[in-house]
Amino acid sequence: MATHFPDDFKCPISLEIMSDPVILSSGHTFDRSSIQRWLDSGHRTCPITKLPLPEHPRLIPNHALRSLISSFTIQKSQPDPNPYRNPNPSKKHQTQFLISALVSQSSTLESSLHSLSQLTRLTKLDPCLRRQITESGAVSTILNCVDSTESEIQEKALALLLNLSLDDDNKVGLVAEGVIGRVINVIRVGSPSSRAIGCTMLTSLAVVEVNKATIGAYPNAIKTLIWVLYNGKGREVREAATALYAICSFVDNRKRAVECGAVPILMKIGGMGLERAVEVLSLLVKCKGGREEIRKVNGCLEVLVKVIRNGSERGVQCALFTLNCLCSFAEEMRVEAKKDGVLEICVGFLDDENEKIRRNAANLVQNLSCRG
């Protein structure tokens with residue numbers, strides 16, 4: 001069945017359809033299990049570009065691509081009501097017609113909504129059609145639709161922009177067109193669904209390193225994401241935390257996030273079960289201000305220990321790393337960690353199958369055993 005899927009859905013290493021696509025710092029996407037085996041084997045270069053990677057490469061979940069694969073799988077499982085029809089009925093001409101209707105000055109609310117909906121559907125799986133839209137000059141019109149007071153128009157325009165942002169060539173271009181300001185405004189005042197799509201959009205744009213710096217430096221960008229963490233619900237909060245994680249992989253943005261009050265909110269929602277918040281804390285703890293703010297939060301150790309005991313592999317890894325950083329700089333954290341039985345828990349992880357968990361646990365065991 002994999003031969004019927006677009007090549008973009010296949011892992012460059014295994015050539016199988018990706019079940020958990022993640023983005024490497026090189027900007028290329030791989031299935032998590034395949035790239036993890038590559039890294040665990042000691043490789044520190046991108047399998048595609050052969051360019052060097054950091055000592056501890058980050059794997060950022062490609063939620064947008066995962067959603068596309070899921071949607072395509074469902075679509076493929078449904079029988080075609082007309083199997084003898086032309087499988088590609090002039091999609092290029094259809095797209096051009098929809099673009100013309102969208103940018104027309106006589107376009108009505110209904111026709112704009114129809115055009116946006118159809119363009120979003122067509123561009124989900126076709127990079128050629130995405131390129132056709134960006135080259136047509138229609139992006140400025142789509143951005144204007146994002147400013148609409150009609151929530152449906154706004155949401156469809158955001159969904160279309162998200163599809164366009166899947167292509168690396170478009171990520172910098174969209175930022176140059178002014179997409180960040182529009183998206184930040186929607187996240188502040190839009191509907192819950194629009195806020196969630198806006199946050200996902202920032203995550204997609206932040207795959208490109210230069211965009212991380214641009215987004216972080218944009219007035220109120222990080223503050224707005226933290227506002228969603230505090231006031232949002234469900235999907236909004238998850239997408240905002242994911243966007244913050246992507247942005248804070250850029251060093252300068254960690255200090256900005258800490259200064260905007262991210263730590264206590266992340267600790268709170270981390271304690272409520274959102275492990276992505278703990279992943280963000282594992283980035284913020286790398287800066288002095290982040291460590292100081294985490295230590296100030298009542299119950300911070302309790303939250304981290306809870307994740308270490310009951311979390312997913314990724315959550316355990318990040319919680320161990322965060323706690324080790326805290327214990328390396330604060331004697332009182334080492335004392336409290338020992339009282340809470342962290343040393344014994346870490347010893348149990350020394351034979352874990354996950355290499356990163358083993359390494360983080362070993363570092364924390366050494367930290368707790370050799371000091372205080």
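Values below: all heavy atoms of this structure, side chains included; hydrogens, waters and symmetry mates excluded.
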**Q.** Residue pair His28 / Cys46, side-chain heavy-atom distance below 4.5 Å
**A.** yes
Q | Nearest heavy-atom neighbours spanning Arg276 and Ala241 | A | CG-CB, 3.4 Å
Q. Taking the side chain from Ser136 and the backbone from Ile133, do they hold a donor-acceptor pair closer than 3.5 Å?
A. yes
Q) Does Arg291 reach the main-chain N or O of Leu326 with its side chain, forming a donor-acceptor pair under 3.5 Å? A) no
Q: Indicate whether the side chain of Ser312 and that of Glu275 have a donor and an acceptor atom separated by less than 3.5 Å.
A: yes
Q. CD of Glu239 to OG1 of Thr200: how many Å apart, nearest 0.5 Å?
A. 3.0 Å
Q: Please determine if Glu302 and Lys306 form a salt bridge, counting it only when a charged side-chain N lies under 4.0 Å from a carboxylate O.
A: no
**Q.** Heavy-atom closest contact (Leu244 atom, Leu225 atom, distance)
**A.** N-CD1, 4.1 Å
**Q.** Ion pair check, Arg314 and Glu279, cut-off under 4.0 Å
**A.** yes
Q) So, Asp352 side chain and Asn354 main chain: donor-acceptor pair closer than 3.5 Å or not? A) yes
Q.
Using a 3.5 Å distance criterion without hydrogens, assess whether the side chain of Ser34 forms a donor-acceptor pair with backbone atoms of Phe30.
A. no
Q) Going by heavy atoms in the side chains, are Asp167 and Arg131 under 4.5 Å from each other? A) no
Q: Kindly indicate whether the side chain of Ser117, heavy atoms from C-beta on, has any atom under 4.5 Å from the side chain of Lys156.
A: yes
Q) What's the verdict on side-chain contact (heavy atoms from CB on, under 4.5 Å) for Ser165 and Asn170, showing C-alpha distance, side-chain angles and the deciding distance? A) CA-CA 6 Å; Ser165 76; Asn170 289 340; 5.7 Å; no
**Q.** Arg334 side chain to Leu368 backbone, donor-acceptor under 3.5 Å
**A.** no
Q: Check the pair Cys248, Arg256 against side-chain contact (heavy atoms from CB on, under 4.5 Å), reporting the backbone distance first and the verdict last.
A: CA-CA 9 Å; Cys248 286; Arg256 293 185 177 113; over 6 Å; no
Q) Side-chain contact, heavy-atom cut-off 4.5 Å: Met333 with Leu323? A) yes
Q: Kindly state each residue pair satisfying ring pair (Phe, Tyr, Trp, His ring centres under 6.0 Å) with at least one member in residues 37-56, sequence neighbours excluded.
A: Trp38-His43
Q. How close do Ala217 and Asn253 get, heavy atom to heavy atom, and via which atoms?
A. N-OD1, 4.4 Å
Q: Heavy atoms only: give me the nearest Pro61-Arg32 pair and the separation to one decimal.
A: CG-NH2, 3.9 Å
Q | Test item: Ser112 side-chain N/O and Leu109 main-chain N/O as donor-acceptor pair under 3.5 Å | A | no
Q. Ion pair present between Arg358 and Glu355, side-chain N to carboxylate O less than 4.0 angstrom?
A. no
Q.
Would you say that more than 12 heavy atoms from the other residues, nucleotides or ligands in this model lie under 6.0 Å from the CD of Glu152, or not?
A. no
Q) For Ser151 and Ser191, does a side-chain donor sit closer than 3.5 Å to a side-chain acceptor? A) no
Atom pairs and distances, donor-acceptor, side-chain atoms in residues 172-184, under 3.5 Å, two or more places apart:
{"from": "Arg182", "atom 1": "NE", "to": "Asp147", "atom 2": "OD1", "distance (Å)": "3.4"}
{"from": "Arg182", "atom 1": "NE", "to": "Asp147", "atom 2": "OD2", "distance (Å)": "2.8"}
{"from": "Arg182", "atom 1": "NH2", "to": "Asn144", "atom 2": "OD1", "distance (Å)": "3.1"}
{"from": "Arg182", "atom 1": "NH2", "to": "Asp147", "atom 2": "OD2", "distance (Å)": "3.3"}

Q) Can you get from Leu24 to Ile48 by hopping between Ile, Leu, Val, Met, Phe, Trp and Tyr side chains that sit under 4.5 Å apart? A) yes
Q: Heavy atoms only: give me the nearest Gln154-Ser148 pair and the separation to one decimal.
A: NE2-O, 3.3 Å
Q. Side chain of Thr322, backbone of Cys318: donor and acceptor closer than 3.5 Å?
A. yes
Q: Please say whether more than 12 non-hydrogen atoms of neighbouring residues, nucleotides or ligands are located less than 6.0 Å from NZ in Lys286.
A: yes
Q. Are Ile153 and Ile99 in one and the same hydrophobic cluster, where Ile, Leu, Val, Met, Phe, Trp and Tyr link if side-chain heavy atoms are under 4.5 Å apart?
A. yes
Q. So do Gln94 and Leu119 actually touch side chain to side chain, heavy atoms under 4.5 Å?
A. no
Q | Co-membership, hydrophobic cluster, residues Phe321 and Val22, 4.5 Å side-chain | A | no
Q: Determine whether Val305 and Phe349 fall in the same hydrophobic cluster, where Ile, Leu, Val, Met, Phe, Trp and Tyr are linked whenever their side-chain heavy atoms lie under 4.5 Å apart.
A: yes
Q | Side-chain donor/acceptor of Asn360 to backbone N/O of Lys356, under 3.5 Å | A | yes
Q: Determine the sole option in Ile215, Thr242, Asn211, Thr224 for which the side-chain contact (heavy atoms from CB on, under 4.5 Å) test with Leu202 is passed.
A: Ile215
Q | Sub-4.5 Å side-chain heavy-atom contact between Leu205 and Met201 | A | yes
Q: Using the side-chain contact (heavy atoms from CB on, under 4.5 Å) rule, take Glu110 and His114 through it: C-alpha gap first, then chi angles, then the decisive distance, then the call.
A: CA-CA 6 Å; Glu110 290 74 21; His114 173 76; over 6 Å; no
Q. Would you find a donor on one side and an acceptor on the other, under 3.5 Å apart, between the side chain of Asn163 and the backbone of Thr120?
A. yes
Q. Is any NZ, NE, NH1 or NH2 atom of the basic residue among Glu292 and Arg295 found under 4.0 Å from an Asp or Glu carboxylate oxygen of the other?
A. no
Q: Considering non-hydrogen atoms only, spot the tightest contact between Thr203 and Ala243 and give its length.
A: OG1-CA, 3.1 Å
**Q.** Close side-chain approach of Lys92 to Gln132, heavy-atom, < 4.5 Å
**A.** yes
Q) Applying ring pair (Phe, Tyr, Trp, His ring centres under 6.0 Å), which residue pairs with at least one partner in residues 220-258 are found, sequence neighbours left out? A) none
**Q.** Shared hydrophobic cluster, Leu161 / Leu116 (ILVMFWY, side-chain heavy atoms < 4.5 Å)
**A.** yes
Q: Please determine which of Val303, Leu229, Val297 meets the side-chain contact (heavy atoms from CB on, under 4.5 Å) test together with Leu266.
A: Leu229
Q. Just by distance, with hydrogens left out, do Asn367 and Ser328 show a side-chain donor and acceptor under 3.5 Å apart?
A. yes
Q) Quick one: are Lys212 and Ser249 in side-chain contact, heavy atoms under 4.5 Å? A) yes
(Q) Closer than 3.5 angstrom, by distance alone: can the side chain of Asp20 be matched with the main-chain N or O of Asp31 as a donor-acceptor pair? (A) no
